[in-house]
Amino acid sequence: MSKILVVDDEAGVLASFEKMLSGQGHQVLTARRADLALELLPTEQPDLLIMDIRMPGMDGLEAFRRIRAGNARLPVIFMTGYSTTEYAIEAMKLGAFDYQVKPFEPEELLRIIDRALEGYRLMQRQVAFDPATLPDAGDALIGQGPLMQEVYKQIGRVAQTDAAVLIRGETGTGKELVARAIYQHSRRSGAPLLMLNCAAIPETLLESELFGHEKGAYTGAIARRIGRFEQASGGTLFLDEIGDISPATQAKILRVLQDQHFDRLGGQEPIRVDVRLLAATNRNLEQAIAAGQFREDLYYRLKVVTIALPPLRERREDIPKLAEYFVERFARQLKVDPPSLADQAMALLLSHPWPGNVRELEHCLHRALIATGGYPIQADDLRQALGQSPTAADQPGSAPEDLLVQVRDYLKSHSGPSTHERFLEQVDKLLVAEALRQTGGNQTQAARLLGLTRPTLQAKMNKYGLRREVSLREE
Ligand SMILES: Nc1ncnc2c1ncn2[C@@H]1O[C@H](COP(=O)(O)OP(=O)(O)OP(=O)(O)O)[C@@H](O)[C@H]1O
Ligand SMILES: [Mg+2]
């Protein structure tokens, strides 16, 4: 749940936003004047602002300037009519997240809102080098071995400079974590971090996404557009999957790196920006150059500061600590005590080749923990967890189908006495734990949710050791 402040002088607009956003599970605050909104910010600390441009008294642009002076990272989405679009575009130059012309397409608007919230979350979510110092809502970069120590040193060396950094490494090695760590330790940590996955944007749109365009630059360019480089000015731009960009767009990126200038598509004058670029790729750029897909000049420019993340199989000494970290994290989520790993299970973790690197290890342990529901994790549990495709657990499937997959996997490696009982117990425990989670530990409500009597629920909680974790919040 996020906290969203909506500012508009029309009560009707506020009411419809309130309805739409609270329907998405967000907490909505409203203000009918910009000065009232500014007063709310320090105490309420919303995660996102949605604001009209034209309002009596202070207008949206002026309010935005003041907000930026206090908290430059807070994402702001403007609402505008056609007559004020130019102001909204102006706001984008100043670093607004986006704008929407009335009347809105609710689906498009919700997509933008989600992106803004996710971007802000990642900007703020702390990346720490030591899990002991990590707040609950944070990510730790785990790895005490010499290879990761070298990575930390490099982060330390480059973070405070304004140098562009190329982060290389196979999939799942932690490139995004490193990018966020550099940002958070940089001089620009108070300004926004814009993250863009270049591979997710169609080639034909990417250039305009990055550099913007003038009205009429091509058919369909009905208004000027401010690109990411301009929008991120004063801050940091993280271009993920930079190896997937076309050579023409690469040439423009090189120009920005060399002399902080670029042209909007169809634009007449070069635009000056002050952006720190972080880039990542899992592609072999040397091969891409040989194949004519990546420009050598950009490669040499980016290569100056490179952080190369080692694949997990080359730093196996870090696996026990990583495993412990993920098991604890998922156990906390599932509200169970962190289970132990059997010796055979640890041996398997240490010998697996991990083609998907840390992400694969993370998913494997997550699945194993869900399957065992807090019992010690055996090698067999891990084998099952690895047997599924690396992302299967993240894809929304139909529940009975997912359950059937679990049942099949379970029966591949279990048989004999208590096979039936143990599987049912796992499901039973998950149901009870989840009902308690959803009701904030309220036993009466959880029992009602499951259609059980309260004594039956309590008996199950005792049986599965769920009592301790929730007793703090008992009704
Ligand atoms: N050293 C590490 N310590 C703890 N967690 C890590 C580490 N490295 C990666 N992770 C976790 O592994 C997952 C993948 O990391 P990340 O997204 O940074 O990888 P990536 O290199 O960007 O992969 P891709 O190339 O597929 O985008 C994330 O959940 C991240 O938190
Ligand atoms: Mg990534």
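What you see below is based on every heavy atom in this structure, not just the backbone, and it leaves out hydrogens, waters and symmetry mates. Whatever order the structure lists them in is the order used to number ligands and atoms, beginning at 1.
The proximity of Leu322 to ligand 1, defined as any non-hydrogen pair under 4.0 Å, is limited to the side chain. At a 4.0 Å heavy-atom cut-off, ligand 1 does not touch Tyr152 at all. Within the 4.0 Å heavy-atom criterion, both parts of Thr171, backbone and side chain, lie near ligand 1. When non-hydrogen atoms are compared, ligand 1 lies under 4.0 Å from the side chain of Arg315 (C-beta onward) but not from its backbone. Residue contacts with ligand 1 for Ala140 involve N, CA, C or O but no side-chain atom from C-beta outward (heavy atoms, distance under 4.0 Å).
With Tyr375 as the aromatic partner, Arg422 meets the cation-pi criteria of under 6.0 angstrom to the ring centre and within 45 degrees of the ring axis.
Taking the centre of each ring, Phe64 and Phe78 come in below the 6.0 Å mark.
Using a 4.0 Å cut-off between a side-chain N of Lys or Arg and a carboxylate O of Asp or Glu, Asp240 and Lys175 do not qualify as a salt bridge.
At a 3.5 angstrom cut-off on N or O pairs, Leu177 counts as close to ligand 1. Residue-to-ligand polar distances keep Asp240 apart from ligand 1: every N/O pair is separated by 3.5 Å or more. The shortest N or O to N or O distance between Glu176 and ligand 1 is under 3.5 Å. Taking distance alone, with nitrogen or oxygen atoms compared against 3.5 Å, Glu362 approaches ligand 1 more closely than that limit. Not a single N or O atom of Met148, backbone or side chain, sits closer than 3.5 Å to an N or O atom of ligand 1. On a distance-only criterion, Gly172 and ligand 1 share at least one N/O pair closer than 3.5 Å.
Every atom of ligand 1 with a heavy atom of Phe326 under 4.0 Å away is listed here by number and element: 5 (N).
Judged as a salt bridge (charged side-chain N to carboxylate O under 4.0 Å, His left out), not a single pair has a partner in residues 368-379 (not counting sequence neighbours).
Of the possible polar contacts, none joining the Glu230 side chain to the Phe211 backbone as a donor-acceptor pair under 3.5 Å is found.
Atom 16 (P) of ligand 1 has as its closest protein heavy atom Gly174 CA, 3.7 Å.
Between Gln160 and Arg187 the shortest side-chain heavy-atom distance falls below 4.5 Å.
Side chains of Glu425 and Tyr464: a donor-acceptor N/O pair is absent below 3.5 angstrom, by distance only. Residues His414 and Thr419 bring no donor and acceptor atom of their side chains to less than 3.5 Å of each other.
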